[in-house]
Amino acid sequence: MSEVTVLDVEARERSGKGAARDTRRKGLVPGVIYGNKQTPLSIALEPRRLLVEMNKPGFFSRLFKVQ
């Protein structure tokens with residue numbers, strides 16, 4: 001079984017271009033979680049943590065648990 005990596009994220013109340021810009025001004029990376037026939041969830045996460053995970057091999061083929 002594959003290893004699941006935990007990412008700590010914050011939920012964003014607003015979505016759209018203006019809200020994403022606000023999130024970037026605060027030093028966070030905006031994102032959206034789609035899927036499973038549920039409404040999209042807007043999130044923000046720390047850029048350093050994201051870069052660390054992106055630089056590990058197999059970023060696009062690993063599982064992440066969003067907390």
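Along the sequence shown, residues are numbered consecutively beginning with 1.
- The side chain to side chain contact (heavy atoms under 4.5 Å, CB included) test applied to Val66 returns Val9, Ile33, not counting sequence neighbours.
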Mind listing the side-chain donor-acceptor pairs of residues 21-31 below 3.5 Å, one per line with the distance, residues two or more places apart or on another chain?
residue	atom	partner	partner atom	Å
Asp22	OD1	Arg25	NH1	2.8
Thr23	OG1	Ala19	O	2.9

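- Hydrophobic cluster membership differs between Ile43 and Leu63, with clusters built from Ile, Leu, Val, Met, Phe, Trp and Tyr side chains linked at under 4.5 angstrom.
- Residue pairs satisfying the ring pair (Phe, Tyr, Trp, His ring centres under 6.0 Å) criterion with at least one member in residues 21-49, sequence neighbours excluded, are absent.
- Within the structure, the ring pair (Phe, Tyr, Trp, His ring centres under 6.0 Å) test picks out the following pairs touching residues 48-67 (sequence neighbours left out): Phe59-Phe64.
- In this structure, CD on Gln67 lies 5.5 Å from NZ on Lys65, to the nearest 0.5 angstrom.
- Among pairs with a residue in residues 35-50, those fulfilling side-chain hydrogen bond (donor to acceptor under 3.5 Å, both in side chains) read Arg49-Glu53, at least two apart in sequence or across chains.
- With side-chain heavy atoms closer than 4.5 Å counting as contact, directly or through intermediates, Leu51 stands alone and belongs to no larger hydrophobic cluster.
- Residues Glu3 and Arg62 are not in side-chain contact: their nearest non-hydrogen atoms beyond the backbone lie 4.5 Å or more apart.
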